[in-house]
Amino acid sequence: MIPWEHLATTQIPGTGGDMKLMRRGAEYSIMLGRIELMNSRLSGSEEALAQLSLDRIAGRPTPAILVGGLGMGFTLRALLATAPADARIVVAELVPAVVDWARGPMAHIFAGSLDDPRVEIVVRDVGALIGETTAGFDAILLDVDNGPEGLTSDANDALYAARGLGEARRALTDGGVLAVWSQGPDERFAARLRRGAFDVEEARVKAHRGKRGARHVIWLAVKPSA
């Protein structure tokens, strides 16, 4: 078996945690300690996050979409494949090195998506961006850590708390959708979304497109129209 090669290490801002980029042949992995945050072989649920979100806002003129977490770009690429030509897609990434890796050793995975004119990359906490926005986005897609059970920072935990969900609701346009990716189910989080005055749907999607195996969870929380 081909051994893993350690390509780079970076520290997550505001924490003492180290994030590592690993490669094994054509496979890439981003690790937090011994925990794998993302893998280049598993793109199905990230792509579903994009498509399910776009389905909820289909037909809107010049849709504005915020993506929390760049990752390996699977959600971004899926958005670009379907979003209209006048869409505006803002990607907020907390860790500067992740953007550097996207333009460096993983550039072939991103396939030029960072240079699409619809895309703006912002290196900052997505929660802070949400908190300063009112009715500015038609869709907010959150794919940070491994879901509501945050791993990398307290700031990410706050995204999924009642206050963070309230800020997300305020940042959405009427009828807009908050889409949240998770490695697995979380009944307490689903209940928190409902208490936050969202109309909530839970989707279980394949981690690996077209294959059997693990399933991930996507919550689609729609802000009711006034």
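Remember, it's a predicted structure, so these values are computed and weren't measured experimentally.
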Non-hydrogen atoms of R77 and I109 that approach each other most closely: NH1-O, 2.5 Å
Minimal non-hydrogen separation, A64 against G136, with atom names: CB-O, 3.5 Å
Non-hydrogen atoms of P224 and D174 that approach each other most closely: O-OD1, 4.2 Å
Separation between CE of M38 and CE of M31, rounded to the nearest 0.5 Å: 11.0 Å
Rounded distance [0.5 Å steps], OG in S113 versus CZ in F74: 10.5 Å
Rounded distance [0.5 Å steps], CG in L165 versus CZ in F189: 5.0 Å
Sidechain N-carboxylate O distance under 4.0 Å for D115, R103: yes
Test log, rule side chain to side chain contact (heavy atoms under 4.5 Å, CB included), inputs T10 and V98: CA-CA 9 Å; T10 190; V98 171; 5.7 Å; no
Main-chain N/O of I218 paired to H216 side chain as donor or acceptor, under 3.5 Å: no
Between CD on residue E120 and CG on residue L114, distance to nearest 0.5 Å: 12.5 Å
R118 side chain near L80 side chain, heavy-atom distance below 4.5 Å: yes
Contact check, side chains of I65 and L54, non-hydrogen atoms, under 4.5 Å: yes
T75 (side chain) donor-acceptor with E46 (main chain) under 3.5 angstrom: yes
Value rounded to 0.5 Å, distance of CG in L178 from CZ in F198: 5.0 Å
Side-chain (R23) to main-chain (P105) donor-acceptor, under 3.5 angstrom: no
Separation between CD1 of I140 and CG of L129, rounded to the nearest 0.5 Å: 8.5 Å
Donor on one side chain, acceptor on other, D138 and T173, under 3.5 Å: yes
R170 side-chain N/O to G131 backbone N/O, donor-acceptor pair under 3.5 Å: yes
I12 and L32, any side-chain heavy atoms less than 4.5 Å apart: yes
Exercise: identify the closest heavy-atom pair between R24 and I2: CD-O, 2.8 Å
Name the atoms and distances for all side-chain donor-acceptor pairs under 3.5 Å in residues 81-94, with sequence neighbours left out.
from, atom 1, to, atom 2, distance (Å)
T82, OG1, Q51, OE1, 3.2
D86, OD2, T62, N, 3.4
E93, OE1, L70, N, 2.8
E93, OE2, V95, N, 2.9

Residue pair W219 / A190: nearest heavy atoms and the distance that separates them: NE1-CB, 3.6 Å
Co-membership, hydrophobic cluster, residues M22 and L42, 4.5 Å side-chain: no
Heavy-atom side-chain contact between W181 and V144 under 4.5 Å: no
S29 and E36: side chain donor to acceptor below 3.5 Å: yes
Sidechain N-carboxylate O distance under 4.0 Å for E167, R163: yes
Heavy-atom side-chain proximity of K20 to I30 below 4.5 angstrom: no
Carboxylate-amine/guanidinium proximity below 4.0 Å for E201 and R56: yes
For the student: nearest non-hydrogen atoms of A139 and I57, plus distance: CB-CD1, 4.0 Å
E187 bridged to R192 by N-O distance under 4.0 Å: no
Side chains of I130 and L66 in contact at under 4.5 Å (non-hydrogen atoms): yes
Chi angles and distances behind the side chain to side chain contact (heavy atoms under 4.5 Å, CB included) call for R188, Y160: CA-CA 11 Å; R188 291 179 299 176; Y160 305 113; over 6 Å; no
Working for side chain to side chain contact (heavy atoms under 4.5 Å, CB included), residues V200 and L220: CA-CA 6 Å; V200 181; L220 298 159; over 6 Å; no
Main-chain N/O of G175 paired with K223 side-chain donor or acceptor, under 3.5 Å: no
Salt bridge (charged side-chain N to carboxylate O under 4.0 Å, His left out) between R124 and E132, intermediate numbers included: CA-CA 13 Å; R124 65 179 303 195; E132 66 187 33; 3.1 Å; yes
pair M106-M72: side-chain heavy atoms closer than 4.5 Å: yes
Y28 side chain near L7 side chain, heavy-atom distance below 4.5 Å: yes
